[in-house]
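The residues of the chain are indexed from 1 along the displayed sequence. The structure presented is a predicted model; accordingly, all values stated were derived computationally and were not measured. Atom set for the values below is all heavy atoms of this structure, side chains included, hydrogens, waters and symmetry mates excluded.
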Amino acid sequence: MTDISNGIGIIRPKSTLVSTLELLVKPITPVAAPGTEAVARTVVQGYFLTIANTSSSNIAVRLQFALTTPLKLGDSKPDILADTVVIQDVSVDNQFQDLTPTGDPRKFTYSLKIPAHDTALVTLLPDVTKLDIIKAAKLEIRGYVEISLISSSGTTPVNLLLTPEHRGTFLPQNLLVSRSALDFDQLAYSLPTSVGGSLFTLTAPVSKQSKELKIEVKEFEKVQKDKDFEKIQAEKLPETNQVENLTSADGSNDLQRLIGLMAQRLDQIEQANGQAFIQPQERPNVGQQVVNQPRN
């Protein structure tokens with residue numbers, strides 16, 4: 001998924017697989033024996049993608065090409081950017097452009113705008129304007145294509161009709177030396193899509209800002225729960241606070257009231273029993289040693 005900064009948040013277009021592709025400048029079959037060169041003609045094959053915007057919205061889409069180059073031992077790796085060309089045909093004449101590299105050396109992108117109810121044709125071809133590619137006849141690039149919706153003038157999902165194809169031309173054996181009329185043959189065949197048909201429904205990009213807002217709300221709720229828990233814990237400790245108050249200046253008044261209540265309770269018990277806890281004869285004189293004796 002690709003990130004695009006819009007000054008407010010991060011937008012992540014969702015990519016949808018379209019099809020596979022194969023670019024060729026190579027003999028259609030290996031030359032196994034002398035005299036078989038006639039059937040091993042070089043084919044130049046490209047990838048053609050027709051995109052019909054059936055919606056009432058003006059849109060911008062991005063194509064991502066994941067490309068690899070199978071090599072034989074001793075072959076040099078081709079430069080995909082230098083050996084390919086993109087042709088865009090929307091509402092003006094053909095525009096020849098290049099793929100855009102990404103951080104992944106195997107992936108390249110290409111973006112274009114398509115007006116409402118208009119149809120675009122995007123073609124990825126070997127750059128046969130370079131004669132060295134035709135002479136070598138070893139170019140082979142394989143991969144797959146993805147599409148994503150970058151922007152739309154509407155708010156509803158966009159329905160696109162996508163038709164991927166391979167089209168190619170068979171080159172005569174004497175193409176570079178013959179001065180007589182040359183015989184070219186053509187090929188074209190459609191490619192299966194990832195959805196099994198031509199209709200692709202793309203949704204508008206999703207803003208990461210809204211997701212971040214949800215995360216911040218959850219974090220706020222967690223902090224609030226922690227504060228509530230601390231409040232409950234503080235309310236569970238009233239006894240501790242009362243003990244601490246006894247050691248304070250105001251706590252001395254509470255202690256005096258407690259002693260007074262105890263004395264009052266003792267008087268009530270004495271009145272109920274009709275006698276005091278300590279009789280007059282049991283009270284010691286000043287300086288007299290007291291020995292506990294059983295009461296008769």
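For Thr69, the side chain to side chain contact (heavy atoms under 4.5 Å, CB included) partners at least two apart in sequence or on another chain are Leu71, Lys77, Pro78, Ile80, Ile141. For Ser111, the side chain to side chain contact (heavy atoms under 4.5 Å, CB included) criterion is met by Arg62, Ile150, not counting sequence neighbours. Checked against side-chain hydrogen bond (donor to acceptor under 3.5 Å, both in side chains), Ser57 has no partners two or more places apart in sequence or in another chain. Residues passing the side chain to side chain contact (heavy atoms under 4.5 Å, CB included) test with Thr42, sequence neighbours excluded: Val25, Pro27, Ala137, Leu171. Checked against salt bridge (Lys or Arg N to Asp or Glu O under 4.0 Å), Glu146 has no partners two or more places apart in sequence or in another chain. Listed by chain and number, the residues in a side-chain hydrogen bond (donor to acceptor under 3.5 Å, both in side chains) with Asp98 amount to none (sequence neighbours excluded). Listed by chain and residue number, Ala82, Asp83, Asp127, Ile133 satisfy the side chain to side chain contact (heavy atoms under 4.5 Å, CB included) test with Lys130 (two or more places apart in sequence, or in another chain). The side-chain hydrogen bond (donor to acceptor under 3.5 Å, both in side chains) check on Thr50 picks up nothing, with sequence neighbours excluded. Asp104 is linked by a side-chain hydrogen bond (donor to acceptor under 3.5 Å, both in side chains) to Arg106, counting only residues two or more places apart in sequence or in another chain.
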Which is it for Phe108 and Leu81 under the side-chain contact (heavy atoms from CB on, under 4.5 Å) test, yes or no, and what are the steps along the way? CA-CA 9 Å; Phe108 306 84; Leu81 282 178; 3.7 Å; yes
Could you walk me through whether Thr123 and Asn94 pass the side-chain contact (heavy atoms from CB on, under 4.5 Å) test, one step at a time? CA-CA 10 Å; Thr123 306; Asn94 292 339; over 6 Å; no
Salt bridge (charged side-chain N to carboxylate O under 4.0 Å, His left out) assessment of Glu140 paired with Arg142: CA-CA 7 Å; Glu140 184 176 6; Arg142 302 172 188 168; 2.6 Å; yes
Candidate pair Leu160 and Ile147, rule side-chain contact (heavy atoms from CB on, under 4.5 Å), full reasoning: CA-CA 11 Å; Leu160 305 179; Ile147 189 171; 4.2 Å; yes
I'd like to know whether Gln186 forms a side-chain contact (heavy atoms from CB on, under 4.5 Å) with Arg167, so could you lay out the CA-CA distance, the side-chain angles of the two residues, the decisive distance to 0.1 Å, and finally the verdict. CA-CA 7 Å; Gln186 309 293 324; Arg167 300 180 191 176; over 6 Å; no
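Nearest heavy-atom pair across Leu202 and Ser148 is CD1-C, 4.3 Å. The minimum heavy-atom distance linking Pro126 with Leu24 is given by the pair CG-O, 3.7 Å. The shortest heavy-atom contact between Gly46 and Leu23 is CA-CD2, 3.8 Å. Contact record, Ser19 with Pro192: CB-O, 3.5 Å, taken as the closest heavy-atom pair. Counting all heavy atoms, side chain and backbone alike, Lys107 lies closest to Thr102 at O-OG1, 2.9 Å. The minimum heavy-atom distance linking Leu63 with Val122 is given by the pair CD1-CG1, 3.9 Å.
With 3.5 Å as the limit, one finds no donor-acceptor pair spanning the side chains of Gln64 and Thr109. Looking at Thr54 and His117, their side chains never bring a donor and an acceptor atom within 3.5 Å of each other. In this model, no donor atom of one side chain and acceptor atom of the other lie less than 3.5 Å apart for Glu165 and Tyr47.
If you chain together hydrophobic residues whose side chains sit under 4.5 Å apart, Val158 and Leu199 never meet in one group. Residues Leu161 and Phe200 do not share a hydrophobic cluster, defined by chaining ILVMFWY side chains whose heavy atoms lie under 4.5 Å apart.
In this structure, Phe170 and Ile28 have side chains that are in contact, with non-hydrogen atoms separated by less than 4.5 Å.
Within the model, atoms CZ of Arg41 and OG1 of Thr169 stand 10.0 Å from one another, a figure rounded to the nearest 0.5 Å. The structure places NZ of Lys14 at 6.0 Å from OG1 of Thr203, a figure rounded to the nearest 0.5 Å. Between the CG atom of Leu191 and the CG atom of Leu21 there is a distance of 8.0 Å, given to the nearest 0.5 Å. Remark: Thr201 OG1 to Leu149 CG distance equals 11.0 Å, nearest 0.5 Å. Rounded to the nearest 0.5 angstrom, Ile134 CD1 and Asp132 CG are separated by 9.5 Å.
Between Asn53 and the options Asn58, Ile59, Thr119, Asp118, a side chain to side chain contact (heavy atoms under 4.5 Å, CB included) holds for only Ile59.
Contacts classified as side chain to side chain donor-acceptor pair (under 3.5 Å) and involving residues 187-199 (residues at least two apart or in different chains) are given here: Gln45-Tyr189, His166-Tyr189.
Under the 4.5 angstrom side-chain criterion for Ile, Leu, Val, Met, Phe, Trp and Tyr, the cluster partners of Ile87 are Phe48, Val85, Phe96, Leu121, Leu125. Leu17 belongs to a hydrophobic cluster whose remaining members, ordered by chain and number, are Tyr144; membership requires side-chain heavy atoms of ILVMFWY residues under 4.5 Å apart, directly or through intermediates.
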